[in-house]
Amino acid sequence: MREIDITRGIIENHVADMMDSLRSDVVIVGAGPSGLVAGGYLAERGISVTILEKKLSPGGGIWGGGMGYKYVITQEEAKGVLDDFDIPSRPFEKGLYAVDAISLASGLIFGAARRGARIFNLVVVEDLVVREGRVQGVVINNTFVMMNHFPVDPITMEARAVVDATGHDHDIVKTFSRKNDVSLNTPNGKPLGERSMFAEPAEDAVVTNTTEVYPGLYVCGMSTAAVYGGYRMGPIFGGMLLSGKKLARMLAEACDK
Ligand code: 48H
């Protein structure tokens, strides 16, 4: 065994995965709960999916549970998603389940990966490729480049659909709306901004507002609240899981056409 063989094994495999991701059916930006669920279900249907995460650890806002207490809550309606991803849950009140945040994060990450979604960490999506009135890909850079503000140009990946699953930040829709003279599929053509906490309508709205916000650009999870003016809901995650599931169904139908 030579050290250089270890190095070659890493570089060759990483580059092979990157080459497979140069053209995907779907690129999902953000590996939080909604993005991971969407990616897992899409990959299961044989759709080529790439998930890009700027942090070292995928999992988004799951890991810390509620204020660092390591449980999150889901509703009965989302129990099927937990079961599909083999994530244990504990019923604790009618219609509500407690889920260990560490099991949820790790279960969704591995569930998406083993279904065939290619997940890259330490990759920031800093812009979109927009051609002929349609989003057609992502502009990516390395997290360390972005953190240090180094003047290093980005590279690109193509996709038939790009998903903003970046959570509260709605980073992709925000940048897209700021940089282009475009009208989004929202009441005023712009992101409406997230509202304060009101859990029940917030959970419903996350699923309802999981949609195509511009040709080729979709939103799911918490970014729907920022884009469509929804309430926040705190550490209840059923809406995120169901939003990811709905998105996968929508995109699978779109990819079939
Ligand atoms: C690459 C990026 C970029 C970028 C961001 O926040 P998330 O967990 O997202 P959701 O919507 O799946 O889940 C939301 C949930 O975690 C939450 O915050 C809830 C329920 N809040 C309720 C409340 O009241 O507070 O994950 C988004 C991921 C993160 O891992 C980011 O690092 C990543 O997206 N990300 N990755 N390029 N430009 N921007």
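Just so you know, ligand 1 is whichever comes first in the structure, and atom 1 is the first atom listed for that ligand. Remember, it's a predicted structure, so these values are computed and weren't measured experimentally.
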#### Entry: For L52, atoms of ligand 1 separated by under 4.0 Å from a heavy atom
1 (C), 36 (N)
### Query
Taking S24 as the fixed residue, which of R118, E158, M157 is the one that meets the side chain to side chain contact (heavy atoms under 4.5 Å, CB included) rule?
R118
### Message
Tell me whether the NZ or CZ atom of R115 lies within the 45° cone about the ring axis of F110 and under 6.0 Å from its centre.
### Response
no
### Message
Determine whether a donor-acceptor pair (N or O, by modelled atom type, separation under 3.5 Å) exists between the side chain of T74 and the backbone of G238.
### Response
no
## Note on the structure
Of H168, M146, M222, the residue with the heavy atom nearest atom 18 (O) of ligand 1 is H168
## Note on the structure
for atom 25 (O) of ligand 1, nearest protein heavy atom and its distance come out as R232 NH2, 2.7 Å
#### Entry: Protein heavy-atom partner closest to atom 37 (N) of ligand 1 - residue, atom, separation in Å
V125 N, 3.0 Å
### Message
Could you check whether E126 and N141, counting side-chain N and O atoms only, form a donor-acceptor pair closer than 3.5 Å?
### Response
yes
#### Entry: Options G32, S223, A202, P33, ranked by nearest heavy atom to atom 13 (O) of ligand 1, top entry
P33
## Note on the structure
D171 heavy atoms within 4.0 Å reach ligand 1 at atoms 4 (C), 38 (N), 39 (N)
#### Entry: atom 29 (C) of ligand 1 - nearest protein heavy atom and its distance
E53 OE1, 3.5 Å
### Message
Among all the protein's non-hydrogen atoms, which is closest to atom 9 (O) of ligand 1, and how far away is it?
### Response
G167 CA, 3.6 Å
### Task
Considering the heavy atoms of V29, write down every atom of ligand 1 situated less than 4.0 Å from one of them.
1 (C), 4 (C), 37 (N)
#### Entry: Heavy-atom nearest option to atom 22 (C) of ligand 1, drawn from S57, G234, G61
G234
### Query
Hey, are R114 and D86 close enough for a salt bridge, meaning a charged N less than 4.0 Å from a carboxylate O?
yes
### Task
Would you check, one step at a time, whether the test salt bridge (Lys or Arg N to Asp or Glu O under 4.0 Å) holds for R2 with D5?
CA-CA 5 Å; R2 292 172 66 91; D5 295 330; 5.2 Å; no
### Message
On a heavy-atom basis, I'd like to know which of G66, A165, G64 is closest to atom 27 (C) of ligand 1.
### Response
A165
### Query
What do you reckon, is CZ of F92 surrounded by more than 12 foreign heavy atoms closer than 6.0 Å?
yes
## Note on the structure
In this structure, atom 10 (P) of ligand 1 is nearest to the protein heavy atom S34 OG, 3.7 Å
### Query
Between R160 (side chain) and V26 (backbone), is there a donor-acceptor pair under 3.5 Å?
no
### Query
For ligand 1, does E126 get within less than 4.0 Å through its side chain, its backbone, both, or neither, judged by non-hydrogen atoms?
neither
### Message
Students should be able to answer this: which protein heavy-atom is nearest to atom 36 (N) of ligand 1, and at what distance?
### Response
K54 N, 3.1 Å
### Query
Under 4.0 Å from any heavy atom of G221, which atoms of ligand 1 are there?
11 (O)
### Message
Assess, by modelled atom type and distance only, whether the side chains of R249 and Y41 contain a donor and an acceptor separated by less than 3.5 Å.
### Response
no
### Message
Closer than 3.5 angstrom, by distance alone: can the side chain of K246 be matched with the main-chain N or O of T210 as a donor-acceptor pair?
### Response
yes
### Nearest-contact summary for atom 34 (O) of ligand 1 - protein heavy atom, Å
G30 CA, 3.1 Å
### Message
Tell me if the CE atom of M197 is crowded by more than 12 foreign heavy atoms within 6.0 Å.
### Response
yes
### Query
Which ligand 1 atoms does M240 reach within 4.0 Å, using its non-hydrogen atoms?
11 (O), 13 (O), 14 (C), 20 (C)
### Query
So, does D169 sit close enough to ligand 1 that a heavy atom of it is under 4.0 Å from the ligand?
no
## Note on the structure
Among non-hydrogen protein atoms, atom 15 (C) of ligand 1 lies closest to F237 CE2, 3.8 Å
### Message
Using a 4.0 Å cutoff against the non-hydrogen atoms of G60, which atoms of ligand 1 qualify?
### Response
8 (O), 26 (O), 29 (C), 30 (O)
### For L22 against T156, the heavy-atom pair lying closest together
CD2-O, 3.9 Å
### Per-atom contacts of ligand 1 with M233, taking only distances under 4.0 Å to non-hydrogen atoms
20 (C), 22 (C), 24 (O)
### Query
At the 4.0 Å heavy-atom cut-off, does T224 count as touching ligand 1?
no
### Query
Judged by modelled atom types alone, do E76 and Y97 share a side-chain donor-acceptor pair under 3.5 Å?
yes
